[in-house]
Amino acid sequence: MGELATAGRRGLPGLAYPERYLHELAFELTGRFDGTFNAETVERYVLESYTALLRTATVKAHLANRVVRFATDRLTALAQAKGAIAHDVPEVLFVCEQNAGRSQMAAVLTHALAGDRVHVRSAGSAPVAELNPAVVVALQELGLDVTQEFPKPLTDDVVQAADVVVTMGCGDACPVYPGKRYLDWKLDDPEALSLEGVRRVRDEVRAHVEALLTELAIDAR
């Protein structure tokens with residue numbers, strides 16, 4: 001299976017980690033994915049994830065937790081795409097440009113409406129540092145907690161793992177793979193909208209999500 005291997009915990013010789021926690025994370029994930037990925041693959045994913053998030057990081061205190069979540073999710077997606085981890089529910093990926101508004105709203109609303117009957121991810125073709133504050137407010141008005149969410153760059157592995165890829169104004173940035181369903185939702189970008197405008201987009205996103213869940217034969221809560 002290519003990168004799928006059982007090469008133990010042998011790391012790259014002389015590998016230098018810019019942050020100590022990255023070494024610890026790589027060791028932990030090598031054990032977690034033992035028998036699925038070799039140590040070199042895990043280390044590469046950890047360092048790539050760190051580098052990708054560092055580009056937009058404005059608050060270094062948040063970076064470590066985000067790298068842990070991002071690297072773990074990417075490795076999980078890669079394992080799913082290669083068939084090493086079975087997934088029993090539909091995998092839906094939402095993509096917009098900044099991953100700060102539309103795709104985040106879609107992911108949060110899908111999780112709220114479908115729970116664990118759908119697994120959702122979101123990403124951006126050109127992610128920014130933080131979520132749009134008006135988007136945060138609009139979702140909190142529905143009682144939804146978004147404090148742990150953050151913009152993430154679009155990576156090949158999460159696209160490969162998805163059953164349905166929903167794009168929202170990200171242009172041609174999303175790679176296309178056969179056997180997947182691609183949808184494009186025409187929605188205004190919340191970046192230039194007032195809070196009232198963001199609420200309108202939020203409600204439009206919810207209507208799209210409910211329609212998608214119906215197509216997936218999942219009853220919304």
Side-chain angles (χ1 to χ4, degrees), residues 69 73 76-77 80-81 86-128 130-155 157-221:
R69 293 176 57 196
D73 193 47
T76 301
Q80 289 174 329
H87 61 273
D88 302 322
V89 298
E91 295 279 342
V92 180
L93 172 65
F94 296 104
V95 185
C96 67
E97 184 178 6
Q98 296 183 342
N99 193 216
R102 292 164 290 186
S103 57
Q104 290 281 359
M105 287 194 287
V108 171
L109 285 164
T110 301
H111 180 70
L113 292 169
D116 58 8
R117 293 169 294 168
V118 175
H119 186 259
V120 294
R121 293 183 173 98
S122 70
S125 56
V128 293
E130 301 292 341
L131 269 59
N132 182 321
V135 168
V136 173
V137 171
L139 290 172
Q140 288 177 336
E141 289 176 344
L142 300 181
L144 301 175
D145 182 11
V146 294
T147 56
Q148 298 301 310
E149 306 302 327
F150 60 95
K152 301 167 291 296
L154 179 64
T155 56
D157 35 71
V158 297
V159 180
Q160 290 188 59
D163 299 308
V164 181
V165 180
V166 181
T167 58
M168 311 171 195
C170 63
D172 298 324
C174 191
V176 176
Y177 290 94
K180 301 188 183 301
R181 183 182 180 192
Y182 289 85
L183 302 172
D184 186 53
W185 294 351
K186 304 298 183 183
L187 298 161
D188 290 336
D189 189 344
E191 184 181 19
L193 300 178
S194 65
L195 179 56
E196 187 59 36
V198 172
R199 290 183 180 121
R200 173 181 55 79
V201 174
R202 175 201 65 194
D203 293 342
E204 292 174 356
V205 170
R206 177 167 184 152
H208 278 293
V209 166
E210 289 174 340
L212 176 60
L213 293 177
T214 297
E215 294 172 16
L216 295 174
I218 296 171
D219 293 329
R221 291 176 176 173

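All heavy atoms count here, side chains included; hydrogens, waters and symmetry mates do not. Given the structure is predicted, the values throughout are model-derived calculations rather than measurements.
- For Gln104 (side chain) and Asn99 (main-chain N/O), a donor-acceptor pair under 3.5 Å exists by modelled atom type.
- In this structure, the separation between CD on Glu149 and CG on Leu144 is 10.5 Å, given to the nearest 0.5 Å.
- Taking Thr155 as the reference, Asp157 meet the side chain to side chain donor-acceptor pair (under 3.5 Å) condition, with sequence neighbours excluded.
- Interatomic distance, CG of Leu193 versus CG of Asn132, reported as 8.5 Å (0.5 Å rounding).
- Distance CG/Leu213 to CZ/Arg206: 10.5 Å, rounded to 0.5 Å.
- Between Glu204 and Arg200 there is a salt bridge, since a side-chain N of the basic residue sits under 4.0 Å from a carboxylate O of the acidic one.
- If you take OG1 on Thr110 and NE2 on His208, they are separated by 12.0 Å, rounding to the nearest 0.5 Å.
- The line from CZ of Phe94 to CG of Leu109 is 9.0 Å long, rounded to the nearest 0.5 Å.
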Original post:
Can Val92 and Leu216 be said to form a side-chain contact (heavy atoms from CB on, under 4.5 Å), step by step?
Top reply: CA-CA 11 Å; Val92 180; Leu216 295 174; 4.3 Å; yes

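- Formation of a donor-acceptor pair under 3.5 Å by the Thr167 side chain with backbone atoms of Leu183 is found in this model.
- A donor-acceptor pair under 3.5 Å links the side-chain atoms of Lys152 to the main chain of Phe150, judged by distance alone.
- Closest approach of Leu113 to Val209, counting heavy atoms only: CD1-CG1, 3.8 Å.
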- request: Just do the side-chain contact (heavy atoms from CB on, under 4.5 Å) check on Glu97 and Glu191 with the steps written out, would you?
  value: CA-CA 11 Å; Glu97 184 178 6; Glu191 184 181 19; over 6 Å; no

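- Taking the side chain as every heavy atom from C-beta outward, Val137 and Arg202 never approach each other to under 4.5 Å.
- Within the 4.5 Å cutoff, no side-chain heavy atoms of Leu142 are placed close to those of Val108.
- Residues His119 and Thr76 have side chains not in contact (no heavy-atom distance under 4.5 Å, counting atoms from C-beta outward).
- Across all non-hydrogen atoms, the minimal contact from Asp116 to Val89 is O-CG1, 3.5 Å.
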Checking side-chain contact (heavy atoms from CB on, under 4.5 Å) for the pair Thr214/Glu210: CA distance, chi angles, key distance, verdict? CA-CA 6 Å; Thr214 297; Glu210 289 174 340; 5.5 Å; no

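- Ser122 and Ala107 make their closest contact through CB-CB, 4.0 Å (heavy atoms, listed as atom of the first residue, atom of the second, distance).
- Using a 4.5 Å cut-off on side-chain heavy atoms (C-beta onward), Val135 and Val146 make no contact.
- Heavy-atom neighbours of His111 NE2 from other residues, nucleotides or ligands within 6.0 Å: at or below the threshold of 12.
- Atom CH2 of Trp185 sits about 11.0 Å away from atom OG of Ser103, to the nearest 0.5 Å.
- The closest donor-acceptor contact from the side chain of Arg117 to the backbone of Asp219 lies under 3.5 Å.
- The minimum heavy-atom distance linking Pro151 with Gln98 is given by the pair CB-O, 3.7 Å.
- The two atoms that bring Ile218 and Ala114 nearest to each other are CG2-CB, 4.2 Å, heavy atoms only.
- Remark: side-chain polar atoms of Arg69 are paired, donor with acceptor, to backbone N or O of Gln148 under 3.5 angstrom.
- Annotation for Ala100 and Glu130: closest pair CB-O, 3.6 Å, computed over non-hydrogen atoms.
- By the side chain to side chain donor-acceptor pair (under 3.5 Å) test, Asp203 pairs with no residue at all, sequence neighbours left out.
- Within the 3.5 Å criterion, the main-chain N or O of Leu187 finds a donor-acceptor partner in the side chain of Arg102.
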